[in-house]
Amino acid sequence: MPFLLFVVKKAYKGVKGLNIAPGIQLKDNRPEVQSITQGMELELRYQNDQSRRTNLITYGIPVEKDANGNFIIYGKPEDQYIIFTLPETLTPDDVPTGTEIWTVT
């Protein structure tokens, strides 16, 4: 059954494709969130009642590396959001603010 994951507030080009945010909070333990996998099909539902399907390329928490190679996150781990990356063929114009991100199955 399709399930709303989140509503896009920002889309921007990343290293592996188009990043969409805010994503899902790490502490979100809905069963639908627990079943997210790379490559899964997603549906983008636009505010004009149009939709399109795409695939999740990857997902993760934004981190940085310090001079010693340690990964750093800013803020509390439980407050972090998992950012989704969509195919690089998509542009920020393809996923405007307000777009709903849905699971397909």
**Q** Check whether K13 reaches the backbone of L90 with its side chain - one donor and one acceptor, N or O, closer than 3.5 Å.
**A**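 Side chain of K13 to backbone of L90, a donor-acceptor pair under 3.5 Å: yes, one is there.
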**Q** Is it true that, when you exclude E88 itself, more than 12 heavy atoms of the residues, nucleotides or ligands shown sit nearer than 6.0 Å to its CD?
**A**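 For E88, atom CD is not crowded (no more than 12 foreign heavy atoms under 6.0 Å).
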**Q** Going only through I, L, V, M, F, W and Y residues with side-chain contacts under 4.5 Å, is there a path from I83 to L18?
**A**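 In one cluster with I83: L18, no.
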**Q** Test your reading of the model: is there a side-chain donor-acceptor pair from T103 to the backbone of F3, 3.5 Å cut-off?
**A**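 Yes, because the side chain of T103 sits within donor-acceptor range (under 3.5 Å) of the backbone of F3.
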**Q** Carefully, step by step, assess E64 and Y74 under the rule side chain to side chain donor-acceptor pair (under 3.5 Å).
**A** CA-CA 9 Å; E64 292 183 17; Y74 296 98; 3.2 Å; yes
**Q** Does some side-chain heavy atom of I61 sit less than 4.5 Å from a side-chain heavy atom of F71?
**A**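 Heavy-atom side-chain distance check fails, nothing below 4.5 Å.
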**Q** Side chains of R53 and V104: does their closest heavy-atom pair fall under 4.5 Å?
**A**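 The answer is yes, as the side chains (C-beta and beyond) meet within the 4.5 Å cut-off.
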**Q** From the options L56, I36, I82, select the one residue that forms a side chain to side chain contact (heavy atoms under 4.5 Å, CB included) with L5.
**A**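 Exactly one pass, corresponding to I36.
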**Q** So, do P87 and K16 sit near enough that their side-chain heavy atoms are less than 4.5 Å apart?
**A**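 Side chain of P87 against side chain of K16, heavy atoms only: no contact under 4.5 Å found.
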**Q** Between the main-chain N or O of L42 and the side-chain N or O of T54, is there a donor-acceptor pair closer than 3.5 Å?
**A**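 Pair absent, no side-chain N/O of T54 close to backbone of L42.
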**Q** Return yes if some donor-acceptor pair links the side-chain N/O of Q34 with the main-chain N/O of D28 below 3.5 Å, else return no.
**A**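 Yes, Q34 side chain to D28 backbone: donor-acceptor pair under 3.5 Å.
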**Q** Do M40 and L86 share a hydrophobic cluster (ILVMFWY, side-chain heavy atoms under 4.5 Å, transitive)?
**A**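 Result: yes, single cluster for both.
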**Q** Considering all heavy atoms of both residues, which atom of P92 and which atom of A11 are nearest to each other, and what is their separation?
**A**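 Looks like CB-O, 3.6 Å.
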**Q** For the residue pair F6 and F84, is the inter-centroid distance of their aromatic rings smaller than 6.0 Å?
**A**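 Centroid separation for F6 and F84: below 6.0 Å.
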**Q** Do the side chain of D94 and the main chain of T91 share a donor and acceptor less than 3.5 angstrom apart?
**A**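 A pair under 3.5 Å: yes.
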**Q** Sub-3.5 Å donor-acceptor pair from the side chain of E100 to the main-chain atoms of V8, do we have one?
**A**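 Checking the backbone N and O of V8 against the side chain of E100, no donor-acceptor pair under 3.5 Å is found.
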**Q** Do N55 side-chain atoms and I57 backbone N/O form a donor-acceptor pair below 3.5 Å?
**A**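 Side chain of N55 to backbone of I57, a donor-acceptor pair under 3.5 Å: no, none is there.
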**Q** Would you name the heavy atoms of R45 and P2 that are closest together and state the gap between them?
**A**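 Where R45 meets P2 most closely, the heavy atoms are NH2-CB, 4.1 Å.
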**Q** Test your reading of the model: is there a side-chain donor-acceptor pair from R52 to the backbone of Y46, 3.5 Å cut-off?
**A**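 No.
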**Q** Is Y59 reachable from I73 through a run of I, L, V, M, F, W or Y residues, each pair having side-chain heavy atoms under 4.5 Å apart?
**A**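 The answer is yes; both residues are in one hydrophobic cluster.
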**Q** Please determine whether residues I101 and Y12 belong to a single hydrophobic cluster, defined as Ile, Leu, Val, Met, Phe, Trp and Tyr linked transitively by side-chain heavy-atom distances below 4.5 Å.
**A**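 No; tracing contacts between hydrophobic side chains, which count when under 4.5 Å, never links both residues.
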**Q** Can you measure from CD1 (I24) to CZ (R30) and round to the nearest 0.5 angstrom?
**A**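 If we round to the nearest 0.5 Å, I24:CD1 and R30:CZ are 6.0 Å apart.
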**Q** Under the side chain to side chain contact (heavy atoms under 4.5 Å, CB included) rule, what do L26 and E78 come out as? Steps first, then yes or no, please.
**A** CA-CA 6 Å; L26 267 180; E78 63 271 14; 6.0 Å; no
**Q** Applying a strict under-4.5 Å side-chain criterion to I, L, V, M, F, W and Y, I'd like to know whether W102 and Y81 cluster together.
**A**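 Each belongs to a different hydrophobic cluster.
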**Q** First locate atom CD1 of I20, then atom NZ of K9, and finally report the distance between them rounded to the nearest 0.5 Å.
**A**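 Nearest 0.5 Å value for the CD1-NZ distance: 13.5 Å.
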